[in-house]
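Read the structure below first, then the notes.
Start at 1 and go down the list; that is how both ligands and their atoms are numbered. Residues take their numbers from the sequence shown, with the count starting at 1.
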Amino acid sequence: MADHVRIYEVGPRDGLQNEARPIPLATKLRYLELLADAGLREIETTSFVAPAAIPQLADADELMAALPRRPGVRYPVLVPNLRGLARAEAVGVDAIAVFTAATDAFTTRNIRMTVDESLDAFAPVLARAGELGWWRRGYVSTAFGCPYSGAVSADRAVEVGARLLALGLDEVCFGDTIGVGVPPQVRDIVARAADAGIPLPRIAFHFHDTRGTALANVAAAMSVGVRCFDASTGGTGGCPYAPGAAGNLATEDLVYLLDAIGIDHGVSLDEVLVAARFIADALGRPLATKVGQAGGWDPATGAATGRP
Ligand code: COA
Ligand code: ZN
(Lines give C-alpha, C1' and ligand atoms only; values in the text may rest on other atoms or scores of the structure.)
(Ligands and ions follow the chains in the order given, each with its own letter.)
Protein backbone atom coordinates (compact mmCIF):
# COMPACT_ATOMS: atom_id res chain seq x y z
CA MET A 1 0.00 0.00 0.00
CA ALA A 2 1.31 3.42 -0.92
CA ASP A 3 2.35 5.76 1.83
CA HIS A 4 -0.60 8.03 2.63
CA VAL A 5 -0.72 11.64 3.78
CA ARG A 6 -3.83 13.46 5.02
CA ILE A 7 -4.17 16.94 3.62
CA TYR A 8 -6.24 19.06 6.00
CA GLU A 9 -7.56 22.01 4.02
CA VAL A 10 -7.78 25.30 5.93
CA GLY A 11 -8.49 27.73 3.10
CA PRO A 12 -12.12 28.53 3.94
CA ARG A 13 -11.23 29.26 7.59
CA ASP A 14 -7.59 30.30 7.99
CA GLY A 15 -7.50 31.51 4.41
CA LEU A 16 -10.52 33.77 4.53
CA GLN A 17 -10.47 34.99 8.14
CA ASN A 18 -7.98 37.75 7.41
CA GLU A 19 -9.29 39.07 4.11
CA ALA A 20 -10.06 42.76 3.92
CA ARG A 21 -12.76 42.21 1.31
CA PRO A 22 -15.95 40.54 2.63
CA ILE A 23 -16.63 37.24 0.87
CA PRO A 24 -20.26 36.54 -0.04
CA LEU A 25 -21.80 33.39 1.38
CA ALA A 26 -22.44 31.99 -2.10
CA THR A 27 -18.74 32.36 -2.94
CA LYS A 28 -17.76 30.47 0.21
CA LEU A 29 -20.22 27.68 -0.62
CA ARG A 30 -18.87 27.37 -4.15
CA TYR A 31 -15.27 27.35 -2.89
CA LEU A 32 -16.19 24.54 -0.46
CA GLU A 33 -17.82 22.59 -3.26
CA LEU A 34 -14.74 22.93 -5.49
CA LEU A 35 -12.48 21.80 -2.64
CA ALA A 36 -14.56 18.67 -2.09
CA ASP A 37 -14.61 18.09 -5.88
CA ALA A 38 -10.80 18.17 -5.78
CA GLY A 39 -10.81 15.21 -3.40
CA LEU A 40 -10.13 17.07 -0.16
CA ARG A 41 -11.69 15.06 2.67
CA GLU A 42 -11.03 17.35 5.64
CA ILE A 43 -11.99 20.95 5.10
CA GLU A 44 -11.88 23.39 8.00
CA THR A 45 -14.89 25.44 7.06
CA THR A 46 -15.42 28.39 9.40
CA SER A 47 -15.24 29.59 13.01
CA PHE A 48 -17.90 29.89 15.69
CA VAL A 49 -16.01 32.65 17.47
CA ALA A 50 -17.12 36.11 18.58
CA PRO A 51 -18.28 37.83 15.37
CA ALA A 52 -16.54 41.03 16.42
CA ALA A 53 -13.23 39.13 16.68
CA ILE A 54 -13.44 37.71 13.14
CA PRO A 55 -16.10 39.57 11.14
CA GLN A 56 -15.11 37.71 7.95
CA LEU A 57 -16.52 34.49 9.42
CA ALA A 58 -19.53 36.01 11.16
CA ASP A 59 -21.79 34.10 8.75
CA ALA A 60 -20.72 30.75 10.23
CA ASP A 61 -24.25 29.73 11.33
CA GLU A 62 -25.74 30.53 7.95
CA LEU A 63 -22.87 28.89 6.11
CA MET A 64 -23.07 25.59 7.99
CA ALA A 65 -26.86 25.55 7.70
CA ALA A 66 -26.59 25.98 3.93
CA LEU A 67 -23.61 23.71 3.28
CA PRO A 68 -24.48 20.43 1.55
CA ARG A 69 -22.32 17.83 3.36
CA ARG A 70 -20.46 15.53 1.01
CA PRO A 71 -20.35 11.91 2.26
CA GLY A 72 -16.86 11.07 3.48
CA VAL A 73 -15.87 14.70 3.96
CA ARG A 74 -15.20 16.12 7.43
CA TYR A 75 -16.03 19.81 7.89
CA PRO A 76 -14.42 20.92 11.17
CA VAL A 77 -15.03 24.39 12.58
CA LEU A 78 -13.15 26.44 15.16
CA VAL A 79 -14.86 26.72 18.53
CA PRO A 80 -13.40 28.80 21.40
CA ASN A 81 -16.01 28.19 24.11
CA LEU A 82 -19.32 26.54 25.03
CA ARG A 83 -21.20 29.34 23.31
CA GLY A 84 -19.47 28.46 20.04
CA LEU A 85 -20.14 24.77 20.61
CA ALA A 86 -23.86 25.40 21.10
CA ARG A 87 -23.98 27.42 17.88
CA ALA A 88 -22.13 24.64 16.06
CA GLU A 89 -24.42 21.95 17.45
CA ALA A 90 -27.48 23.86 16.25
CA VAL A 91 -26.32 23.63 12.63
CA GLY A 92 -25.22 20.01 12.53
CA VAL A 93 -21.47 20.32 13.05
CA ASP A 94 -19.71 17.09 14.07
CA ALA A 95 -16.05 18.09 14.10
CA ILE A 96 -14.37 20.94 15.96
CA ALA A 97 -11.01 22.48 16.62
CA VAL A 98 -10.08 24.40 19.72
CA PHE A 99 -7.09 26.70 19.58
CA THR A 100 -4.53 27.80 22.08
CA ALA A 101 -0.86 28.63 21.61
CA ALA A 102 2.56 28.08 23.10
CA THR A 103 2.75 31.66 24.36
CA ASP A 104 0.57 33.78 26.65
CA ALA A 105 1.52 36.86 24.65
CA PHE A 106 -0.30 35.39 21.64
CA THR A 107 -3.32 33.82 23.36
CA THR A 108 -4.10 36.94 25.36
CA ARG A 109 -4.40 38.86 22.11
CA ASN A 110 -6.09 36.13 20.11
CA ILE A 111 -8.56 34.69 22.62
CA ARG A 112 -8.14 36.97 25.64
CA MET A 113 -6.94 34.16 27.89
CA THR A 114 -3.58 32.90 29.05
CA VAL A 115 -2.59 29.44 27.84
CA ASP A 116 -3.55 27.96 31.23
CA GLU A 117 -6.90 29.74 31.17
CA SER A 118 -7.54 28.50 27.65
CA LEU A 119 -6.96 24.89 28.68
CA ASP A 120 -9.43 25.36 31.53
CA ALA A 121 -11.91 26.90 29.11
CA PHE A 122 -11.54 24.10 26.55
CA ALA A 123 -11.98 21.26 29.03
CA PRO A 124 -15.81 21.46 29.14
CA VAL A 125 -15.96 22.17 25.39
CA LEU A 126 -13.97 19.05 24.54
CA ALA A 127 -15.83 16.99 27.13
CA ARG A 128 -19.17 17.98 25.63
CA ALA A 129 -17.93 17.40 22.08
CA GLY A 130 -16.74 13.97 23.22
CA GLU A 131 -20.20 13.14 24.60
CA LEU A 132 -21.64 14.14 21.24
CA GLY A 133 -19.19 11.82 19.49
CA TRP A 134 -17.57 14.62 17.54
CA TRP A 135 -14.09 14.61 16.03
CA ARG A 136 -11.81 16.91 18.02
CA ARG A 137 -8.60 18.71 17.11
CA GLY A 138 -6.53 21.13 19.18
CA TYR A 139 -4.13 23.72 17.84
CA VAL A 140 -0.94 24.87 19.48
CA SER A 141 -0.28 28.11 17.62
CA THR A 142 3.07 29.93 17.78
CA ALA A 143 4.74 26.55 18.30
CA PHE A 144 7.78 27.73 16.32
CA GLY A 145 7.92 31.37 17.35
CA CYS A 146 5.66 34.18 18.54
CA PRO A 147 5.19 37.62 16.98
CA TYR A 148 5.05 39.15 20.45
CA SER A 149 7.42 37.15 22.65
CA GLY A 150 9.91 35.68 20.17
CA ALA A 151 11.54 32.27 20.33
CA VAL A 152 9.54 29.25 21.50
CA SER A 153 11.20 26.02 22.62
CA ALA A 154 10.04 22.64 21.37
CA ASP A 155 9.65 21.66 25.03
CA ARG A 156 7.14 24.42 25.60
CA ALA A 157 5.18 23.66 22.42
CA VAL A 158 5.00 19.97 23.31
CA GLU A 159 4.10 20.66 26.94
CA VAL A 160 1.04 22.61 25.80
CA GLY A 161 0.23 20.00 23.14
CA ALA A 162 0.35 17.17 25.67
CA ARG A 163 -1.91 19.03 28.11
CA LEU A 164 -4.33 19.80 25.31
CA LEU A 165 -4.35 16.18 24.14
CA ALA A 166 -5.07 15.05 27.70
CA LEU A 167 -8.35 16.98 27.54
CA GLY A 168 -9.56 14.53 24.88
CA LEU A 169 -8.48 15.12 21.31
CA ASP A 170 -8.23 13.07 18.17
CA GLU A 171 -5.35 15.19 16.99
CA VAL A 172 -3.01 17.94 18.13
CA CYS A 173 -1.78 20.34 15.49
CA PHE A 174 1.39 22.37 15.99
CA GLY A 175 1.15 25.67 14.14
CA ASP A 176 3.92 27.80 12.72
CA THR A 177 1.59 30.77 12.85
CA ILE A 178 4.07 33.32 11.52
CA GLY A 179 6.13 31.07 9.26
CA VAL A 180 9.47 31.25 11.05
CA GLY A 181 10.03 27.53 11.62
CA VAL A 182 12.83 25.41 10.17
CA PRO A 183 13.32 21.63 9.83
CA PRO A 184 15.41 21.06 12.99
CA GLN A 185 12.58 22.56 15.06
CA VAL A 186 10.10 20.23 13.37
CA ARG A 187 12.19 17.18 14.20
CA ASP A 188 12.68 18.46 17.74
CA ILE A 189 8.95 18.82 18.31
CA VAL A 190 8.30 15.31 17.00
CA ALA A 191 11.08 13.83 19.15
CA ARG A 192 9.86 15.59 22.28
CA ALA A 193 6.27 14.66 21.51
CA ALA A 194 7.37 11.02 21.45
CA ASP A 195 9.08 11.51 24.86
CA ALA A 196 5.83 13.02 26.14
CA GLY A 197 3.89 9.97 24.97
CA ILE A 198 2.01 11.70 22.12
CA PRO A 199 1.37 9.03 19.47
CA LEU A 200 2.64 9.95 15.98
CA PRO A 201 -0.77 9.48 14.29
CA ARG A 202 -2.16 12.16 16.59
CA ILE A 203 0.30 14.81 15.40
CA ALA A 204 -0.41 17.29 12.60
CA PHE A 205 1.49 20.34 11.44
CA HIS A 206 0.23 23.67 10.23
CA PHE A 207 2.90 25.57 8.35
CA HIS A 208 2.76 29.05 6.96
CA ASP A 209 5.04 29.71 4.01
CA THR A 210 5.78 33.27 5.06
CA ARG A 211 9.52 32.78 4.64
CA GLY A 212 9.49 29.92 2.15
CA THR A 213 10.22 27.14 4.66
CA ALA A 214 6.88 25.33 4.66
CA LEU A 215 7.66 22.49 2.25
CA ALA A 216 11.08 21.93 3.80
CA ASN A 217 9.26 21.59 7.12
CA VAL A 218 6.78 19.13 5.61
CA ALA A 219 9.64 17.02 4.29
CA ALA A 220 11.30 17.08 7.72
CA ALA A 221 8.07 16.05 9.44
CA MET A 222 7.48 13.25 6.93
CA SER A 223 11.00 11.95 7.48
CA VAL A 224 10.14 11.41 11.15
CA GLY A 225 6.76 9.82 10.45
CA VAL A 226 4.16 12.61 10.55
CA ARG A 227 1.38 12.12 8.00
CA CYS A 228 -1.07 15.03 8.38
CA PHE A 229 -0.48 18.53 7.04
CA ASP A 230 -2.61 21.64 6.84
CA ALA A 231 -2.68 23.63 3.64
CA SER A 232 -4.73 26.35 2.01
CA THR A 233 -5.86 26.18 -1.59
CA GLY A 234 -4.65 29.35 -3.26
CA GLY A 235 -2.16 29.94 -0.43
CA THR A 236 -4.50 32.39 1.26
CA GLY A 237 -4.31 32.92 4.94
CA GLY A 238 -3.08 34.68 7.94
CA CYS A 239 -4.25 35.49 11.40
CA PRO A 240 -5.34 39.02 12.29
CA TYR A 241 -3.56 38.57 15.63
CA ALA A 242 -0.32 37.45 13.97
CA PRO A 243 1.19 40.36 12.06
CA GLY A 244 3.03 39.22 8.95
CA ALA A 245 1.51 35.74 8.99
CA ALA A 246 0.28 35.90 5.41
CA GLY A 247 0.28 32.74 3.39
CA ASN A 248 -0.50 29.25 4.51
CA LEU A 249 1.36 26.51 2.74
CA ALA A 250 -0.56 26.32 -0.54
CA THR A 251 -2.46 23.08 -1.07
CA GLU A 252 -1.36 23.04 -4.72
CA ASP A 253 2.31 23.29 -3.74
CA LEU A 254 1.90 20.45 -1.24
CA VAL A 255 -0.03 18.27 -3.70
CA TYR A 256 2.63 18.78 -6.37
CA LEU A 257 5.38 17.64 -4.01
CA LEU A 258 3.45 14.61 -2.75
CA ASP A 259 2.53 13.54 -6.29
CA ALA A 260 6.10 13.90 -7.47
CA ILE A 261 7.48 11.74 -4.65
CA GLY A 262 4.75 9.14 -5.00
CA ILE A 263 2.77 9.71 -1.81
CA ASP A 264 -0.93 8.92 -1.91
CA HIS A 265 -3.32 11.67 -0.72
CA GLY A 266 -6.46 11.46 -2.83
CA VAL A 267 -6.42 15.03 -4.11
CA SER A 268 -6.38 16.06 -7.77
CA LEU A 269 -3.84 18.78 -8.54
CA ASP A 270 -5.78 19.97 -11.60
CA GLU A 271 -8.96 20.31 -9.54
CA VAL A 272 -7.17 22.06 -6.69
CA LEU A 273 -5.88 24.56 -9.23
CA VAL A 274 -9.46 25.18 -10.36
CA ALA A 275 -10.44 25.96 -6.76
CA ALA A 276 -7.30 28.06 -6.25
CA ARG A 277 -8.08 30.17 -9.31
CA PHE A 278 -11.69 30.49 -8.24
CA ILE A 279 -10.79 31.92 -4.84
CA ALA A 280 -8.04 34.16 -6.21
CA ASP A 281 -10.57 35.64 -8.65
CA ALA A 282 -13.11 36.07 -5.87
CA LEU A 283 -10.51 37.91 -3.81
CA GLY A 284 -9.63 40.05 -6.79
CA ARG A 285 -5.99 39.16 -7.10
CA PRO A 286 -3.74 36.95 -9.19
CA LEU A 287 -3.01 33.44 -7.97
CA ALA A 288 0.45 33.92 -6.47
CA THR A 289 1.39 30.41 -5.36
CA LYS A 290 4.31 28.62 -7.03
CA VAL A 291 2.34 25.77 -8.57
CA GLY A 292 -0.62 28.09 -9.12
CA GLN A 293 1.55 30.06 -11.51
CA ALA A 294 3.64 27.31 -13.08
CA GLY A 295 1.03 24.51 -13.12
CA GLY A 296 1.88 20.88 -12.53
CA TRP A 297 4.22 18.90 -14.76
CA ASP A 298 3.75 15.80 -16.84
CA PRO A 299 6.95 13.75 -16.86
CA ALA A 300 5.73 11.83 -19.93
CA THR A 301 5.63 14.92 -22.13
CA GLY A 302 7.62 17.50 -20.18
CA ALA A 303 4.69 19.90 -20.41
CA ALA A 304 3.08 21.93 -17.67
CA THR A 305 -0.37 20.70 -16.58
CA GLY A 306 -3.48 22.13 -15.00
CA ARG A 307 -3.16 25.59 -16.49
CA PRO A 308 -6.11 27.44 -17.99
N1 COA B 1 -19.97 33.08 19.43
C2 COA B 1 -20.60 34.27 19.36
N3 COA B 1 -20.40 35.28 20.19
C4 COA B 1 -19.53 35.08 21.19
C5 COA B 1 -18.83 33.86 21.34
C6 COA B 1 -19.09 32.84 20.39
N7 COA B 1 -18.45 31.66 20.45
N8 COA B 1 -18.03 33.94 22.40
C9 COA B 1 -18.21 35.17 22.91
N10 COA B 1 -19.09 35.86 22.17
C11 COA B 1 -19.53 37.25 22.34
C12 COA B 1 -20.08 37.54 23.73
O13 COA B 1 -21.44 37.25 23.78
C14 COA B 1 -19.78 39.00 23.87
O15 COA B 1 -20.70 39.73 23.10
P16 COA B 1 -21.18 41.19 23.54
O17 COA B 1 -19.95 42.06 23.49
O18 COA B 1 -22.20 41.54 22.52
O19 COA B 1 -21.70 41.01 24.92
C20 COA B 1 -18.42 39.13 23.20
O21 COA B 1 -18.37 38.06 22.24
C22 COA B 1 -17.27 39.00 24.16
O23 COA B 1 -17.45 37.81 24.90
P24 COA B 1 -16.50 37.34 26.07
O25 COA B 1 -17.01 36.09 26.64
O26 COA B 1 -16.24 38.50 27.01
O27 COA B 1 -15.20 36.98 25.28
P28 COA B 1 -13.85 37.77 25.15
O29 COA B 1 -14.04 39.17 24.75
O30 COA B 1 -13.04 37.45 26.33
O31 COA B 1 -13.24 37.01 23.86
C32 COA B 1 -13.21 34.98 22.57
C33 COA B 1 -12.92 35.62 23.88
C34 COA B 1 -12.42 33.68 22.55
C35 COA B 1 -14.70 34.68 22.47
C36 COA B 1 -12.80 35.91 21.40
O37 COA B 1 -11.56 36.48 21.65
C38 COA B 1 -12.75 35.19 20.08
O39 COA B 1 -13.76 34.76 19.56
N40 COA B 1 -11.55 35.04 19.48
C41 COA B 1 -11.37 34.34 18.24
C42 COA B 1 -10.10 34.73 17.60
C43 COA B 1 -9.85 33.94 16.35
O44 COA B 1 -10.69 33.27 15.80
N45 COA B 1 -8.61 34.04 15.87
C46 COA B 1 -8.20 33.41 14.67
C47 COA B 1 -7.96 31.96 14.82
S48 COA B 1 -6.24 31.60 15.12
ZN1 ZN C 1 -2.66 29.48 10.11
* Asked: Looking at side-chain heavy atoms only, is the closest gap between Q56 and L16 below 4.5 Å?
  -> no
* **Nearest neighbour of atom 32 (C) of ligand 1 from the list I111, T108, T177, on a heavy-atom basis** => I111
* To do: Specify side chain, backbone, both or neither for V79, according to which of its non-hydrogen atoms lie closer than 4.0 Å to ligand 1.
  => neither
* **Whether D230 has an N, O or S atom under 2.8 Å from the Zn ion (ligand 2)** => no
* Asked: Based purely on interatomic distance, does S47 place a nitrogen or oxygen under 3.5 Å from a nitrogen or oxygen of ligand 1?
  -> no
* Scan side-chain atoms only and decide if T251 and E9 contain a donor-acceptor pair under the 3.5 Å cut-off. => yes
* Selected option - heavy-atom contact closest to atom 2 (C) of ligand 1, from R109, R87, R13 -> R87
* Where's the contact between I54 and ligand 1, heavy-atom distance under 4.0 Å: side chain, backbone, both or neither? -> side chain
* To do: Specify which N/O/S atom of H206 comes nearest to the Zn ion (ligand 2), by atom name.
  => NE2
* Asked: Would you find a donor on one side and an acceptor on the other, under 3.5 Å apart, between the side chain of E159 and the backbone of R156?
  -> no
* To do: Report yes if some N/O of P80 lies less than 3.5 Å from some N/O of ligand 1; otherwise report no.
  => no
* Given side chains that start at C-beta, do those of R211 and V180 come closer than 4.5 Å, heavy atoms only? -> yes
* Would you check the N or O atoms of A50, main chain and side chain alike, for any that come under 3.5 Å of an N or O of ligand 1? => yes
* Applying a 4.0 Å heavy-atom criterion (strictly less than), which segment of F99 is in contact with ligand 1: side chain, backbone, both, or neither? -> side chain
* Structure fact -> For the Zn ion (ligand 2), the nearest N/O/S atom on D14 is atom OD2
* Taking the six-membered ring of Y8, is NZ or CZ of R6 closer than 6.0 Å to its centre and within 45° of its axis? -> no
* Do the rings of F205 and F207 sit parallel, tilted or perpendicular, given the 30° and 60° boundaries? -> parallel
* Side-chain donor-acceptor pair under 3.5 Å between D264 and H4, yes or no? -> yes
* To do: Ignoring angles and geometry beyond distance, decide whether S141 reaches within less than 3.5 Å of ligand 1 through its nitrogen or oxygen atoms.
  => no
* To do: Please check if the distance between the ring centroids of H206 and F174 is under 6.0 Å.
  => no
